[in-house]
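Everything numeric in this text was worked out from a predicted model, so none of it was measured. Just so it is clear, the values below take in all heavy atoms, side chains as well, and ignore hydrogens, waters and symmetry mates. For this chain, numbers begin at 1 and follow the sequence in order.
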Amino acid sequence: QVHLVESGGGLVQAGGSLRLSCAASGSISSISTMGWYRQAPGKERELVAVITNGGYKNYEESPRGRFTISRDNAKNMLYLQMNSLKPEDTAVYFCWAPGTAWGQGTQVTVSS
């Protein structure tokens, strides 16, 4: 089973940018779809974006146009570039792949 470890979170002012990374413990080349979820305090975990091996990307409405998901199968990495961050983007962000356990996530805090 592949294990996923997120990094890159932090504290940023509104309008700023962060790049999240997700390192997989094994090959992701056979994993068709991967994605990012987030969970804000007191709220349920929600999907942010997904990407397939063929490069198809889909975003939830809130981050669309501001976030970019990408993957590097050669490095077994998944990324989330987040621009124009808003306070409502504050959450713990989790990397996801089918059949894998949730990792610790990485905290993103956006101050107003």
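Checking side-chain atoms of Gln107 against main-chain N and O of Gly9 turns up no donor-acceptor pair under 3.5 Å. Panel note: side chain Tyr59, backbone Arg66; no donor-acceptor pair is recorded below 3.5 Å. A donor-acceptor pair is defined here as one N or O able to donate and one able to accept, closer than 3.5 Å; no such pair exists between the side chain of Gln81 and the backbone of Thr68. A distance-only check finds a donor-acceptor pair linking the side chain of Asn76 to the backbone of Ile28 [under 3.5 Å].
Here the CH2-CD distance, from Trp36 to Glu60, works out to 16.0 Å after rounding to the nearest 0.5 Å. To the nearest 0.5 angstrom, Gln39 atom CD is 8.0 Å from Glu44 atom CD. A distance of 9.5 Å separates CZ in Arg19 from OG in Ser7, rounded to the nearest 0.5 Å. Rounding to the nearest 0.5 Å gives a distance of 9.5 Å between NE2 of His3 and OG1 of Thr100. The structure places OG of Ser112 at 14.0 Å from NZ of Lys86, a figure rounded to the nearest 0.5 Å.
Side-chain contact between Tyr79 and Cys22 is absent, with no heavy-atom pair separated by less than 4.5 Å. Taking the side chain as every heavy atom from C-beta outward, Glu6 and Leu78 never approach each other to under 4.5 Å. With contacts defined as side-chain heavy-atom distances shorter than 4.5 Å, the pair Met34/Arg71 qualifies. In this structure, Met82 and Pro63 have side chains that are not in contact, with every pair of non-hydrogen atoms separated by 4.5 Å or more. Considering only heavy atoms from C-beta on, Leu20 stays 4.5 Å or farther from Phe94 through its side chain. Side chains of Asp89 and Arg38 form a contact here, defined as non-hydrogen atoms less than 4.5 Å apart. Counting heavy atoms from C-beta on, the side chains of Thr33 and Trp96 come closer than 4.5 Å.
Annotation: Lys57, atom NZ; neighbour count of heavy atoms from other residues, nucleotides and ligands within 6.0 Å is above 12. The 12-atom threshold is not exceeded at CD of Gln13, counting heavy atoms of other residues, nucleotides or ligands nearer than 6.0 Å.
Considering all non-hydrogen atoms of both residues, Ser111 and Leu11 come closest at CB-CD1, 4.4 Å. The heavy-atom pair separating Asn83 from Ser17 by the smallest distance is OD1-OG, 2.9 Å. Between Val2 and Ala24, the shortest heavy-atom contact is CG1-CB, 3.7 Å. The nearest pair of heavy atoms linking Leu85 to Leu18 is CD1-N, 3.9 Å.
Shown here are the ring-ring contact (aromatic ring centres under 6.0 Å, His included) partners of Tyr93, two or more places apart in sequence or in another chain: there are none.
Cluster membership check: Leu80 shares its hydrophobic cluster with Ile51, using side-chain heavy-atom separations under 4.5 Å among Ile, Leu, Val, Met, Phe, Trp and Tyr. Cluster membership check: Val48 shares its hydrophobic cluster with Ile31, using side-chain heavy-atom separations under 4.5 Å among Ile, Leu, Val, Met, Phe, Trp and Tyr.
Because its NZ or CZ atom is both nearer than 6.0 Å to the ring centre of Trp102 and within 45° of the ring axis, Arg45 counts as a cation-pi partner of that residue.
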